[in-house]
Amino acid sequence: MRTALALGLSLAMSLSMSAAAHAQSGAAEGQKLAFDRGKGNCLTCHEIKGGDLPGSIGPKLENLKGRYDRAELTAILNDETVRNPLTVMPPFGRNRILTEQEISAIVDFLQTL
Amino acid sequence: MTASSGPWANRRLILKGAGLVALIGLGNAVLHAAPVFAATNDNKYPEDAFKQKNAGDAIKALYGRDHEASDKIKLDAPEIAENGGVVPIAVTTSLPNVTSISFIVAENPFALAASYHIPEGTVPAVANRLKMAKTSNVIALVESGGKLYSATKEVKVTVGGCGG
Amino acid sequence: MSALRALLVAATALGLGATAMAEDKPNPPADAKAFQDYFVKKFPKVAFDDFVNGPYSMNADMRRQWEEKEQFPPYEFALEAGKEMFAKPFKNGKTYADCFPNGGIGIRQNYPYFDDKEGKVVTLELALNRCREANGEQPYSYVKDEMASLTAYMAYTSRGKRFDIRIPDDPRALEAYEKGKEYFYTRRGQLNFSCASCHVQSPGERIRAEILAPALGILNAMPIYRSEWSGMGTISRRIVTCNSQTRAVPLEPQSDEYRNLEYYLSYVSNGLPVSGPGARP
Amino acid sequence: MASSIRVRAILNGENAEVQTLIQHPMDTGLVKDAKGELIPAHYIQQLTFTHKDKTVFLADWGTAVSKDPYVKFAFKGAAKGDELKVSWVDNKGATDSLTATIQ
């Protein structure tokens with residue numbers, strides 16, 4: 001239900017925006033999704049610039065630009081157990097915690113770090 | 001108390017306390033009238049001060065005067081609260097002639113949390129457990145010799161890890 | 001990846017019971033030793049008995065807050081209520097003491113046990129409700145209030161006694177243990193966590209401000225007053241909320257799966273003292 | 001019914017050290033229940049400790065004091081076996097009291 005609603009919103013947003021504006025506002029939307037406790041909830045495990053009191057399970061998310069391309073980040077968000085069966089990172093795409101559009105927005109945000 | 005012996009020492013205290021509770025339980029009675037306070041106006045509940053939203057207004061309503069920071073006040077509070085609902089906070093002071101100690105949580109919906117009257121003969125030290133809505137400065141106010149002193153410490157409060 | 005395969009990968013990679021799992025036959029004593037060695041090695045500064053204090057054994061700032069709480073612990077009211085309830089006779093004149101060895105005093109460390117008549121694991125919470133029903137009383141909710149008070153009192157009378165969970169020479173007991181172990185290491189729920197993801201792989205780490213507790217000794221402190229709950233909770237409540245927090249579908253309290261899980265997790269904490277009732281964030 | 005008040009008063013040198021835990025919801029009035037309705041504020045406003053007709057400690061509390069409140073203080077001039085009376089009154093006018101013995 002929540003996912004369906006978010007998908008709808010996300011679609012509506014993408015449609016209403018020009019392609020040029022997309023990446024920038026995608027990153028802003030992505031940050032919101034990354035920090036949202038009901039969505040990415042990334043701060044539970046990762047330290048991220050701009051987020052208060054992060055957890056310590058995952059690596060600090062910094063200098064991602066250049067280290068990972070878009071496809072790699074998308075794959076990690078989608079299902080990191082493919083690369084690392086022991087990871088505790090939830091498979092956000094495979095288990096539909098986040099929609100494709102939401103993952104794309106979060107990747108936009110991660111690429112600004 | 002050392003970190004390793006601490007809890008066990010406390011456990012012994014609890015054991016001692018269990019017998020004590022049983023003893024004093026016999027003397028308990030529910031009051032039907034309001035408790036009788038010493039007959040001074042000082043003991044009236046400061047309703048207005050507890051209704052103030054921000055720290056400055058609450059301090060003004062409670063004390064009607066400014067405060068200055070003092071290194072003679074030791075405010076003991078955690079860096080990160082393990083839970084915002086129960087934050088142990090304690091104050092001790094070497095200031096003389098203390099008449100009251102109050103606790104302000106600046107970012108709470110109502111800033112004043114608790115205020116304690118310290119009559120002569122009572123040690124100027126209080127420990128209590130407070131609720132904190134979010135990360136905030138905690139201000140301990142000590143009224144000493146008719147003046148108001150303070151110590152401030154930030155306590156971080158965060159949400160639990162598991163998502164909503 | 002199948003659950004069993006995943007379990008094997010996880011347990012082997014963590015160095016847990018790898019030897020035991022590689023053998024044809026399950027070997028609980030070897031499991032328990034590997035499990036305990038893993039935590040002792042991972043946390044060389046934590047005294048063995050201190051593992052029962054969960055997150056407070058791994059973080060000094062949290063420990064100070066806990067020590068302050070223990071001066072007059074929040075489970076005090078539940079403990080007293082439990083003591084009264086335990087002594088109060090049922091309508092038929094019998095009491096809880098009639099249902100348990102040693103009148104129910106100082107026996108927490110022996111639960112859960114394998115009941116050879118039923119062929120299943122019996123937890124303390126289950127035994128308490130069965131005692132009630134056998135005496136014509138309604139069972140209590142497994143998750144809080146009365147059940148938490150009763151188990152708080154029973155744990156309190158057993159403080160310091162070391163967990164002594166037995167696996168009798170009965171293939172059904174071994175099977176229950178193995179199933180509990182499988183449940184513990186199997187990933188589930190939308191977040192894809194196993195119990196081990198948090199409590200074996202990441203104890204001592206923070207999820208936001210919370211410090212994850214080590215699985216070793218985690219049940220020794222039960223029941224607990226959790227500030228997050230503003231109240232008491234039983235082992236059943238802890239497991240159910242763990243499942244729902246990781247967005248898995250919780251099972252019924254005292255379902256076979258949970259009973260087996262408690263059996264496994266208690267067995268591998270053998271030798272650690274009862275510290276319950278406990279207080280946790 | 002058991003009292004809502006638990007007290008430990010122990011003489012340590014010249015100080016009587018007093019710890020108190022009280023069973024009380026301390027509802028802030030800002031929290032909603034499961035049905036989405038606000039739980040009305042319900043909290044202890046004053047807690048008084050009296051030793052030999054003298055108020056030795058008086059707490060004024062707001063809603064930010066934790067559920068099942070705890071407070072610790074110490075005072076001089078007490079002897080073992082002395083009585084210490086503890087009483088509270090909340091914003092709904094309910095009260096409870098208990099007389100403890102200093103150990």
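Letters A, B, ... are given to chains in the order of the sequence lines, protein chains preceding strands, and every chain is numbered from 1.
- Within a 6.0 Å sphere centred on NZ of B/Lys156, heavy atoms belonging to other residues, nucleotides or ligands number 12 at most.
- Annotation: B/Lys153, atom NZ; neighbour count of heavy atoms from other residues, nucleotides and ligands within 6.0 Å is above 12.
- Proximity to chain C at a heavy-atom threshold of 4.5 Å picks out B/Asn83, B/Val86, B/Pro88 from residues 83-99 of chain B, in numerical order.
- For C/Arg226, the CZ atom sits in a packed shell: over 12 heavy atoms of surrounding residues, nucleotides or ligands are nearer than 6.0 Å.
- When every heavy atom of B/Pro78 is checked against every heavy atom of C/Gln65, the shortest pair comes out as CB-NE2, 3.2 Å.
- Here the closest heavy-atom approach between residue C/Asp61 and residue B/Ile80 is recorded as OD2-N, 3.3 Å.
- Enclosure of atom CD in C/Glu252 is not indicated, since only 12 or fewer non-hydrogen atoms of other residues, nucleotides or ligands lie within 6.0 angstrom.
- Remark: C/Lys69 engages B/Glu82 in a salt bridge, criterion side-chain N to carboxylate O under 4.0 Å.
- In this structure, C/Glu68 pairs ionically with B/Arg129, as a charged nitrogen and a carboxylate oxygen lie closer than 4.0 Å.
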